[in-house]
There are 2 protein chains.
Amino acid sequence: MHDLLFDFISKYISLTEDEKEAIVSLAMFRSLKKGAILLRPGERSNDAYFVLKGCIRIYYIIDGEEKTTAFYTEMEALTPHAAVNQSPSEYYISCVTDTIVLLSNPDTEAEIFSKFPRFESMCRVLAEEVLIKQQINFDEFKTSSPEQRYLNLLQKRPDLIQRVPQHQLASYLGIKPQSLSRLRARILEKNKV
Amino acid sequence: MHDLLFDFISKYISLTEDEKEAIVSLAMFRSLKKGAILLRPGERSNDAYFVLKGCIRIYYIIDGEEKTTAFYTEMEALTPHAAVNQSPSEYYISCVTDTIVLLSNPDTEAEIFSKFPRFESMCRVLAEEVLIKQQINFDEFKTSSPEQRYLNLLQKRPDLIQRVPQHQLASYLGIKPQSLSRLRARILEKNKV
DNA sequence: TGAAAACGTTCACCAAAGTTAAGAAATGGC
DNA sequence: GCCATTTCTTAACTTTGGTGAACGTTTTCA
């Protein structure tokens, strides 16, 4: 399990044995069952999550309906706004499948940053990279139709379409489950003719 | 002009005179006319921008149509993906109004970071904050209709609706200019009755 | 294993956005 | 100030998504 983490970090900086030990001594892993809920609306928490295995999602309940807005899979990090703003959460975070996450919080972060300043550099670079990816993602969302978004997702994250229930995918694409169903039928129809 | 910048920074850390001097000596300001283009598709550049006055936007040309996806106004920072990925830009960056920006690039950043490590901490915190804001923004976009998005924008950034042309706003809301026109007429109609 | 709940698809109908086109209004440059 | 260009609005028509309901299938778990 540590190896997964070190492989990820090695894409940014190479670690000394000292640094590896420091991480191992502070790392908190958590195994979760499918459907387990990590955070609920109204709850406060300083934890951020790094997915080592499995898949978690963010969803809201709006007018009694579940709206999934994001999925995080292997090697992706989720920092809830509640952790940054010190404010109660507005959404749920829950496991789509059985999942293993690495927990992090401001205290352990501060400890690592002060011992190994290179870590903070890495986190800044990482945050900037994720910001850029999300920006591009948002741009694509804005400039395309639900059908294009679905076809796009098929290309870019075919794994998601396999392991995520349709109704969760639908709101992720900004539409209702019935519309996703219809849209898929439409695409099949086009390809048949 | 420096004051605007120092006011912004003071929200995160307080500066010593040494630090202020270092910033002043490295800061590069640039005044731009409405319509001026800062970056074009295909161009490489390491510059990031911090808007001191005015408004800039990101837009794509897709199938011959202009699609505006983001606006940046006073005290907002724009780091183009071209600067992070070292890759050619995929979009235009241009001035909506006359604008003054502060330029930054990896070299000047590295210089400041090595002299004043607190600066890198601030940038990490800032990047994380912006990431969270954008995440919430994206969530709201996904979970609401074009009409709701427009009403929401009226609340949150009424200034934008004043100073940005309708057709740029339309694609920012994920629709065509004609639809925005119609949607506004619809809202007026509702409020009349 | 069997009943209940959750999930996915389909349908008919309605509402809203895309498309195409025309014309009015505002803007900019000379 | 005047012409050209850009921007905004309106309208008719097409396409697509939302809604409510029904129905078969799968999952869950007691």
Lys/Arg cation over aromatic Y59(A): K67(A), 6.0 Å, 45° cone: no

I'd like a list of close polar pairs between nucleotides 26-30 of chain D and the protein, N/O only, cut-off under 3.5 Å.
| residue | atom | partner | partner atom | Å |
| --- | --- | --- | --- | --- |
| dT28(D) | OP1 | K34(A) | NZ | 3.3 |

Can you tell me how far the CD1 atom of I93(B) sits from the CG atom of L78(B), to the nearest 0.5 Å? 5.0 Å

When you measure from the side chain of N105(B) to the backbone N and O of N46(B), does any donor-acceptor pair fall under 3.5 Å? no

Hey, could you give me the OG/CD distance between S87(A) and E90(A), rounded to the nearest 0.5 Å? 7.0 Å

Can you tell me how the ring of F138(B) sits relative to the ring of F138(A), calling it parallel under 30°, perpendicular over 60° and tilted otherwise? parallel

I need the E147(B) CD to I175(B) CD1 distance, nearest 0.5 Å. 9.5 Å

Contact list (N/O, under 3.5 angstrom) for nucleotides 7-11 of chain D vs protein:
| residue | atom | partner | partner atom | Å |
| --- | --- | --- | --- | --- |
| dC8(D) | OP1 | Q166(B) | N | 2.9 |
| dC8(D) | OP2 | Q166(B) | N | 3.2 |
| dC8(D) | OP2 | H167(B) | N | 3.0 |
| dC8(D) | OP2 | H167(B) | ND1 | 2.9 |
| dT9(D) | OP2 | S181(B) | OG | 2.8 |
| dT9(D) | O5' | S181(B) | OG | 3.1 |

What is the separation between atom CD on E65(B) and atom C1' on dT6(D), rounded to the nearest whole Å? 15 Å

From F119(A) CZ over to E19(A) CD, what is the distance, rounded to the nearest 0.5 angstrom? 6.5 Å

Under a criterion of less than 4.0 angstrom to any heavy atom of chain A, what are the 5'-terminal and 3'-terminal contacting nucleotides of DNA chain C? dC7(C) to dT10(C)

Q148(B) CD - dG18(D) C1' separation (whole Å): 12 Å

Quick one: does E43(B)'s side chain have a donor or acceptor within less than 3.5 Å of a partner on R40(B)'s backbone? yes

Could you check how far CD1 of I175(A) sits from P of dT19(D), rounded to whole Å? 12 Å

Interatomic distance, I23(B) atom CD1 to D18(B) atom CG [nearest 0.5 angstrom]: 11.0 Å

Measure the CZ-CZ distance between F50(B) and F8(B) for me, rounded to the nearest 0.5 Å. 4.5 Å

